[in-house]
Amino acid sequence: LTFRLILAFIATSIIPIILYNFFAYYNTAKIVNDNMQELTRTNLAQVANSVDVWIESYEDILFQVYTNDDIIAMVEHINQSPDDLTLVTGQLRQNLRGLFYTKEYVKAISIITPSQDMVFYDLLSGYMTKSSWMDNIGMSRQELYDILSNDNGTNMIPTRKAGVYNTDTY
């Protein structure tokens, strides 16, 4: 009788409690998993929007460069007569610098000519002789110019870390 009472107690109280705990655990795990997936989707959508804004900032500046008659004339001057290269590159760099203050996401812009002259403004380093991104792409100016000039489209070339400024990695 004692054995039957213990068996009945186990069957009516302990086994249902164990089954309920398993059910509750799997139900909670499913809810947490669904919430994490939704948060991940929302986060990825926000990242995609941020990246789109960044890319649009670069495309806007590229459009300004392509349609600015002064910049086009300076690049043509660099291509045709490298005699006063320092003066023209300085003027071109000033024009590029003026484009930066309208777009906070844009950190560097470079113009590479067929003669491998490179004029850039780099907001991160502030250098006039060395671009922060050029050393980190793993190709020479000639290779970069060939890739970009043969395609005649918008290209995305990822760079590695350009530098650390004010504890922010760029």
Side-chain angles (χ1 to χ4, degrees), residues 1-68 93 95-112 118-170:
L1 182 65
T2 306
F3 178 73
R4 286 187 182 173
L5 283 174
I6 292 174
L7 194 60
F9 175 74
I10 290 174
T12 58
S13 62
I14 295 178
I15 291 176
I17 290 173
I18 291 172
L19 290 175
Y20 175 77
N21 283 337
F22 278 127
F23 174 74
Y25 170 77
Y26 284 114
N27 190 32
T28 304
K30 183 182 180 313
I31 290 171
V32 168
N33 189 26
D34 291 345
N35 287 342
M36 288 298 293
Q37 288 180 0
E38 181 63 29
L39 289 173
T40 302
R41 277 192 289 279
T42 303
N43 190 21
L44 288 174
Q46 290 174 347
V47 168
N49 288 337
S50 295
V51 168
D52 288 343
V53 167
W54 290 4
I55 291 172
E56 288 171 6
S57 295
Y58 276 99
E59 288 175 348
D60 184 47
I61 285 186
L62 287 175
F63 180 76
Q64 291 178 39
V65 168
Y66 292 151
T67 58
N68 188 319
R93 191 171 284 120
N95 280 329
L96 294 176
R97 185 181 316 165
L99 297 175
F100 270 84
Y101 296 107
T102 60
K103 305 290 181 190
E104 73 174 273
Y105 298 114
V106 178
K107 300 299 181 196
I109 189 168
S110 303
I111 296 174
I112 301 175
M118 185 165 106
V119 180
F120 63 90
Y121 184 71
D122 192 335
L123 193 62
L124 293 176
S125 66
Y127 295 137
M128 299 298 172
T129 58
K130 183 178 177 188
S131 175
S132 63
W133 67 271
M134 190 66 195
D135 294 336
N136 295 318
I137 62 169
M139 64 179 84
S140 69
R141 289 183 189 176
Q142 179 65 45
E143 292 170 318
L144 181 62
Y145 181 81
D146 290 342
I147 289 170
L148 298 177
S149 62
N150 290 333
D151 186 3
N152 199 24
T154 301
N155 293 287
M156 304 256 178
I157 300 173
T159 61
R160 295 176 191 97
K161 182 173 82 171
V164 177
Y165 302 98
N166 294 331
T167 67
D168 293 329
T169 301
Y170 294 92

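The analysis underlying the following values was restricted to heavy atoms, covering all of them including side chains, and did not include hydrogens, waters or symmetry mates.
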For the pair N95 and V65, evaluate side chain to side chain contact (heavy atoms under 4.5 Å, CB included) and give the outcome as yes or no after the intermediate values. CA-CA 9 Å; N95 280 329; V65 168; over 6 Å; no

How long is the span from the CG atom in N27 to the OH atom in Y20, to the nearest 0.5 Å? 9.0 Å

So how far is it from L19 CG to F23 CZ, rounded to the nearest 0.5 Å? 11.0 Å

Here the gap from I147 atom CD1 to Q142 atom CD, rounded to the nearest 0.5 Å, amounts to 10.5 Å

Of all heavy-atom pairs between A11 and P16, which one has the smallest distance, and what is that distance? O-CD, 3.4 Å

Rounded to the nearest 0.5 Å, how far apart are CD of E38 and OG1 of T40? 9.0 Å

A quick test of your reading: do over 12 heavy atoms of other residues, nucleotides or ligands sit less than 6.0 Å from CZ of R41? yes

Does the N150 side chain pair with the main chain of D146, one donor and one acceptor, at a distance under 3.5 Å? yes

OH on Y66 to CD on E59, rounded to 0.5 Å: 10.0 Å

I need the I15 CD1 to I17 CD1 distance, nearest 0.5 Å. 11.0 Å

